[in-house]
Structures are given as structure tokens and as C-alpha cells.
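So the structure is just underneath, and the comments pick up after that.
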Amino acid sequence: MKVNMIENRSIEVDLGDRSYEIVIAERSRDDFGAFARRSLERSWGGRGCKRCLIVTDRNVSQLAGPFEDSLLRVGVEANRIELNPGESTKSLAAVSEVLDRLVELKADRHFAIVALGGGVIGDLAGFAAAIYARGVPLIMIPTSLLAQVDSSVGGKTGVNHPQVKNIIGAFHQPAGVWIDVETLTKLPDRELAAGAAEVVKYGLIRDLNLFEFMEFNASRLYRRDRSVLERIVYQSCSIKAEVVAGDEREQGGAREILNFGHTIGHAIEAVAGYDGRVLHGEAVSLGMIAETRLAESLGWINSQIGDRLERLLDNLGLPTAIKDLEFERIIEAMRRDKKNRDGRIRFILPRSIGEVEGIDLDEIGLIRVAVERLQGSI
Ligand SMILES: NC(=O)c1ccc[n+]([C@@H]2O[C@H](COP(=O)([O-])OP(=O)(O)OC[C@H]3O[C@@H](n4cnc5c(N)ncnc54)[C@H](O)[C@@H]3O)[C@@H](O)[C@H]2O)c1
Ligand SMILES: [Zn+2]
């Protein structure tokens, strides 16, 4: 399949007076300053912004220099805080560190926060931006594929409670999102694959072309082929932006299609324990397979779709099977899902590649078979 350089590099997320722009950057980082200025000027808080705090982690901080220079050229002085990498940083303690720094810098409501990093940094810095002075402007520069295609879009920010993931949070829309796929050069392959799982998800829920594109371009993706990366980031962000614009605060139900693969995926992740043994995207890979098999057992689709999905995920280096599956604990975790209704478990299941539908299920037997099949090929 031929890959054309995308012409359109900008996506407007339409949220009335909280609308913002996602830009897929061309090579030069010099334009970042101009983009940041333009984005900030759209909101009261960002107007006249002269200072910002770049929140980043130690794996990513070497990317910060050119962004800082670029900001300086548009009259924004950048300070920097470097946190430890990893999920354990997504804590109130780390938010507290960021807030301490903002107070020390005497930040006011026109002071911006720039999140430079993966989803952990984006969620945490976004939450600090949501609560400091009841909300300061936020610019996102996502640097992992997962953050570029998923977490930087949608306005969900937050941190983990020691016992419950993502339970502390707020909606806070960014002023702008700047995506430069060049930043993925040093992202470990395993993290790249985890992000690719979400791209496959977008294909399956909304876009057969994107799904096919992933089927044809797995190896080019791993070579960090710029046009392939730009295309999948653009398509993914377009889909997520369209979905979240229709359901900004996750109250209307439109966002729920993004949960395909996540009912079982989240449960697997919870049972595995968030210690890096199973990454979120890897759990989603397993969840998508099991949920597709579940749709198959309900008679919604034929087995070819599941086979094709497994082949694609396997090709992308994602897990398609898991050892030592503790089914009872997985079911227990699924039952705790806040999206359930009347004791039944809520699923988003495929009707075809590109179309999904929600269903509440209490057929534990069917769910068990679909989940236990994940052990099958080991
Ligand atoms: N807000 C949302 O809507 C949303 C959606 C999905 C996921 N999330 C959250 O996102 C988090 C996961 O995000 P993630 O997968 O990006 O994790 P992450 O931020 O921990 O990044 C993964 C690893 O890659 C490193 N890294 C990031 N960019 C790099 C680069 N360019 N070069 C080298 N190393 C780099 C990080 O330091 C880290 O070690 C989870 O906490 C999840 O809950 C949020
Ligand atoms: Zn996800």
C-alpha cells in the first residue's frame, strides 16, 4: 500500500470556547513557539503568558532544550522540573512537587504548564494545571506513541491512588497539543507496540482503512518511518477528537466506544498489578482479542475477524496470549468497573472491522470462554 505524506497536519478539537488545536509538526521545532503562543492567546489564562513550567521525566528531558529555546523566541521563559519516569510517578506526591515549584516561581493564572513526556507526565502535569490557581493553561507535547494517539487528546487528567488507578482527577482541556513523531526515535520498541495497540483499536472501532494500513505497515512503523507514524497519529487523533468532542465529560455515552478491548484489558492490567509486567497497551491487545472472540460467540461476527486481529497484533509484537491467567480475579476486577449497570458487565464489541456496539452482559460462561482462550496458544 502506498503511503502519501499527509497534507493536513492540524486537527481542531471542537469544544466551544475550550476548543484547541492538535498539530502534527513538520521537522522544525522552531515553529513550536509560534504554535504555543497562538494556542495560549485563545484563552483568557494564556493571554499575555510570559512564563511556563515544563514538566518532564528523566528519560525525555534531553528533548526539552529546543522547545525551551523556541518558547523564549516568542517571549515565554521556561523553567523545568524533571520527575522520575514510570507509573509510580503518577501520584499526589509528584503533583505536590509540581505545585511546590509553581508556588516557588510565584506562578499566577497566566503562567502555563507544558507537559513534555508520555501519558504519565501528561496526566500528572495536566492535573497540576487543572488545580493550580483553579486552572492554568496547559500545552501538551506527547512523546510516547500512546500519548500521541490517546492520552494527550480528550482532557482527562489525573493521578493514581495507591489502591486505585486514575481515581483522582479532573477534566482540563489543553490549550494546544504539539505532536512531533521525531520524538519517538528513542522510544523503546515495547512502548511503541503498546501505543500501536490503541491505533489498532481506533481502526477496529471506526476505520477499516486504518486497520488495513496497520496490517501493511508494521515493519515500517518499527523503523520509525516518519510518514507512517504521521499518518497513524493523524488518523488516531482525528478519531479520538471527533469522539470526545461529542461527549466532553464522558456523560453522553459517545465516548464509550473507546473502551473496546478495555473491559477485559483493564481487568488483566489490574490483576497484573501495574508494575510494568503487562503494559496498558499489552493488556488492551489481549482485551481486544478476548472481546472479539466474545462477539464471535454471540454470533455478531465470524471467526475471520478475530483471526485477522490476532495476526495483526502478533505482527506488531503485541501479546496475543497470556500464561497463568487468574480468571476469578479478572472477573472480580471486571465487576468493579464503574461502567457496569445492574450487575451486568458493559462491553463494546465489534460488529465488523470499523464498527462496534455496546452491550451489557451477564453470561459469565461466555466471558469465561473468551478470556480463557487467551491461554490457548501458549
Ligand atoms: N488521559 C487519558 O485519556 C489517558 C489515556 C490513556 C492512557 N493514559 C495514561 O497514560 C499512562 C501511560 O502512558 P505511556 O504509555 O506514555 O507511559 P509513560 O509516560 O510511563 O511512558 C512510557 C515510558 O516511555 C518513556 N518515554 C516516553 N517518551 C519517550 C521518548 N520519546 N523517548 C524515550 N523514552 C520515552 C517514559 O519515560 C516511560 O519510561 C498511564 O498512566 C495511563 O493511565 C491516560
Ligand atoms: Zn487504553
Side-chain angles (χ1 to χ4, degrees), residues 55-64 67 82-91 94 115-127 129-130 138 140-161 164-174 177 179-202 204-205 224 229 236-237 240-241 243-244 247-250 255 257-266 268-270 274-276 278-288 318 348:
V55 182
T56 188
D57 75 27
R58 293 186 219 289
N59 288 341
V60 180
S61 58
Q62 82 276 3
L63 299 172
F67 291 111
E82 294 178 13
L83 303 168
N84 290 327
E87 188 68 34
S88 58
T89 291
K90 229 176 86 171
S91 64
L116 174 69
V120 163
I121 290 295
D123 281 13
L124 157 92
F127 184 57
L138 167 71
M140 305 275 238
I141 312 174
T143 64
S144 68
L145 184 59
L146 185 119
Q148 295 186 349
V149 300
D150 191 352
S151 62
S152 64
V153 183
K156 279 191 189 176
T157 74
V159 295
N160 303 323
H161 180 272
V164 190
K165 192 169 146 72
N166 285 335
I167 196 72
I168 304 159
F171 281 99
H172 189 62
Q173 300 295 344
V177 181
I179 302 180
D180 181 354
V181 298
E182 193 83 35
T183 59
L184 303 175
T185 313
K186 294 207 174 104
L187 184 75
D189 281 353
R190 188 174 168 213
E191 298 289 350
L192 192 76
E198 301 284 358
V199 180
V200 171
K201 177 192 81 176
Y202 292 120
L204 208 133
I205 64 176
R224 312 294 195 275
L229 288 166
S236 301
C237 286
K240 181 147 186 196
V243 171
V244 301
D247 186 12
E248 186 185 353
R249 291 186 163 243
E250 206 170 27
R255 264 197 197 219
I257 65 166
L258 300 171
N259 283 330
F260 167 62
H262 283 64
T263 304
I264 293 173
H266 275 147
I268 291 174
E269 206 184 356
Y274 308 110
D275 59 359
V278 180
L279 297 179
H280 174 73
E282 294 170 343
V284 170
S285 172
L286 295 163
M288 288 193 291
L318 284 158
I348 301 297

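Order of listing sets the numbers, starting from 1, for every ligand and every atom in it. Throughout, residue positions are numbered sequentially from 1 according to the sequence presented.
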Applying salt bridge (charged side-chain N to carboxylate O under 4.0 Å, His left out) as the test, list every pair that has at least one member in residues 144-158; sequence neighbours left out.
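As it turns out, the salt bridge (charged side-chain N to carboxylate O under 4.0 Å, His left out) pairs with a partner in residues 144-158, which skip direct neighbours, are Asp150-Lys240, Lys156-Glu250.
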
Provide the closest heavy-atom pair for [X] versus [Y] in the form atom of the first, atom of the second, distance.
X: Arg58; Y: Asn84; answer: NE-OD1, 3.1 Å
X: Leu63; Y: Leu116; answer: C-CD2, 4.3 Å
X: Asn59; Y: Asp57; answer: N-OD1, 2.9 Å
X: Ser91; Y: Leu124; answer: O-CD1, 3.9 Å
X: Ala125; Y: Val55; answer: CB-CB, 3.8 Å

NE2 on His262 to NE2 on His280, rounded to 0.5 Å:
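One gets 3.5 Å once the value is rounded to the nearest 0.5 Å.
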
Between CG on residue Leu83 and CD1 on residue Ile121, distance to nearest 0.5 Å
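Separation between the atoms: 5.0 Å.
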
By side chain to side chain contact (heavy atoms under 4.5 Å, CB included), which residues pair with Ser236, not counting sequence neighbours?
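Val149, Val199, Tyr202, Leu210.
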
Metal site the Zn ion (ligand 2), protein N/O/S atoms found under 2.8 Å:
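Excluding waters, the total comes to 3.
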
Between the protein and ligand 1, are there any N or O atom pairs that come within less than 3.5 Å of each other, and if so, what are their names and distances?
from, atom 1, to, atom 2, distance (Å)
ligand 1, 1 (N), Asp123, OD1, 3.0
ligand 1, 1 (N), Lys156, O, 3.0
ligand 1, 13 (O), Gly119, N, 3.2
ligand 1, 16 (O), Gly119, N, 2.7
ligand 1, 16 (O), Ser144, OG, 2.6
ligand 1, 19 (O), Gly119, N, 3.1
ligand 1, 19 (O), Val120, N, 3.0
ligand 1, 28 (N), Thr143, O, 3.3
ligand 1, 28 (N), Thr143, OG1, 2.8
ligand 1, 31 (N), Thr143, O, 3.0
ligand 1, 31 (N), Thr183, O, 2.8
ligand 1, 37 (O), Asp57, OD1, 3.4
ligand 1, 37 (O), Asp57, OD2, 2.7
ligand 1, 37 (O), Asn59, ND2, 2.9
ligand 1, 39 (O), Asn59, ND2, 3.2
ligand 1, 41 (O), Glu87, OE1, 2.8
ligand 1, 41 (O), Glu87, OE2, 3.1
ligand 1, 41 (O), Lys90, NZ, 2.9
ligand 1, 43 (O), Lys90, NZ, 3.0
ligand 1, 43 (O), Lys165, NZ, 2.9
ligand 1, 43 (O), Asn166, ND2, 3.4

